[in-house]
Amino acid sequence: DGGITQSPKYLFRKEGQNVTLSCEQNLNHDAMYWYRQDPGQGLRLIYYSQIVNDFQKGDIAEGYSVSREKKESFPLTVTSAQKNPTAFYLCASKTVGDTEAFFGQGTRLTVV
Amino acid sequence: AQKITQTQPGMFVQEKEAVTLDCTYDTSDPSYGLFWYKQPSSGEMIFLIYQGSYDQQNATEGRYSLNFQKARKSANLVISASQLGDSAMYFCAMREGTQGGSEKLVFGKGTKLTVNP
């Protein structure tokens, strides 16, 4: 089945540690995205990538880093520089142009 | 400045009635796309409907229609004959940039819809 997979579903991190969230898609999509969602809030764009080896900062990139070494994969690292990392993280992908974005099931990150 | 504005944090509607969820957007690009997504309490994002900036007619998908008023920069979602299962968060989003160019996709803060029996 084609789709977009995020792992893990739940993640706990100690303060001061870096953590990497996985996002893999087998839809052959060029564009991939990372969003952060806080309780009762909308989705805020962290980073997005339109092609391999290229990515752009979104509205809240500080404290996060990404890579796009393969078309299928777009991992997000939450660094210790991110002061308030507890949130729900959603990954999405789409083809170029006016098409819908497909979302993963999300990763809920909690800092303990 | 906010690119997508959803002014209704919460909306209530009676089952079987129609409801309109508001969305205004801000862009100077002549080519853009507008999307609506539904997010149930489970957290998944479900695509509902899409409208391109050059589309002459309003988009419709089953019980969903998009009231696109380009001059007003609004893209309201109309849900007809509401069902209990429509209770969820609804997000308006915009793909900004020339088609084939930027693929930046930004979302509004959402509207929580509650359908009452």
Side-chain angles (χ1 to χ4, degrees), chain A residues 3-6 8-11 23 25 27 29-52 54-61 66 68 71 74 87-109, chain B residues 1-10 21 23 25 29 31-55 59 61 64 66 68 75 88-112:
Chain A
I4 180 165
T5 303
Q6 288 185 243
K9 190 172 181 180
Y10 298 96
L11 189 56
C23 179
Q25 54 97 2
L27 300 166
H29 286 168
D30 291 299
M32 295 188 74
Y33 306 82
W34 275 106
Y35 294 93
R36 170 183 172 139
Q37 186 177 26
D38 294 286
Q41 299 297 312
L43 280 67
R44 290 186 289 169
L45 182 62
I46 304 173
Y47 270 99
Y48 67 106
S49 168
Q50 295 179 203
I51 56 172
V52 174
D54 187 48
F55 47 83
Q56 312 294 329
K57 289 184 179 180
D59 301 317
I60 56 164
V66 293
R68 188 84 186 277
K71 189 175 185 178
F74 192 42
F88 186 53
Y89 291 87
L90 282 160
C91 179
S93 70
K94 68 189 290 292
T95 57
V96 170
D98 287 327
T99 62
E100 67 179 280
F102 290 80
F103 282 81
Q105 294 296 307
T107 293
R108 194 167 298 279
L109 173 64
Chain B
Q2 260 188 324
K3 293 287 187 177
I4 296 284
T5 303
Q6 294 181 253
T7 57
Q8 307 152 315
L21 306 184
C23 173
Y25 59 91
D29 199 302
S31 176
Y32 52 90
L34 296 158
F35 305 79
W36 277 92
Y37 282 83
K38 172 183 178 181
Q39 186 183 44
S41 57
S42 58
E44 63 188 301
M45 295 289 286
I46 303 167
F47 168 76
L48 296 178
I49 197 166
Y50 159 79
Q51 179 87 39
S53 59
Y54 294 118
D55 293 343
E61 290 285 349
Y64 305 107
L66 199 152
F68 182 46
M89 284 290 287
Y90 288 81
F91 293 100
C92 180
M94 177 173 66
R95 180 197 62 78
E96 189 177 32
T98 304
Q99 192 168 355
S102 170
E103 287 293 323
K104 188 174 182 181
L105 186 63
V106 293
F107 284 75
K109 292 189 175 182
T111 295
K112 184 174 182 180

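All chains are named by letter (A, B, ...) in the order of the sequence lines, taking the proteins before the strands, and each is independently numbered beginning at 1.
Of the two parts of A:Asp30, neither the backbone nor the side chain holds a non-hydrogen atom closer than 4.5 Å to a non-hydrogen atom of chain B. Proximity to chain B (any heavy atom under 4.5 Å) is shown, for A:Gln56, by neither the backbone nor the side chain.
Between B:Phe47 and A:Glu100, the shortest heavy-atom contact is CB-OE1, 3.3 Å. Residues B:Gln39 and A:Phe88 share a closest heavy-atom pair of NE2-CE2, 4.1 Å. Listed here is the closest heavy atom pair of B:Phe107 and A:Leu43: CB-O, 3.7 Å.
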How far apart are the C-alpha atoms of B:Met45 and A:Tyr35, what are their side-chain angles, what is the distance that settles it, and do they pass the side-chain contact (heavy atoms from CB on, under 4.5 Å) test? CA-CA 12 Å; B:Met45 295 289 286; A:Tyr35 294 93; over 6 Å; no

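Among residue pairs with one or both ends in residues 41-52 of chain A, those qualifying as salt bridge (Lys or Arg N to Asp or Glu O under 4.0 Å) are A:Asp38-A:Arg44; sequence neighbours excluded.
Residues satisfying the side chain to side chain contact (heavy atoms under 4.5 Å, CB included) test with A:Ala101, not counting sequence neighbours, are A:Ala92, A:Lys94, A:Phe103, B:Tyr37, B:Leu105.
Around the NZ atom of B:Lys112, the shell of radius 6.0 Å holds no more than 12 heavy atoms that belong to other residues, nucleotides or ligands.
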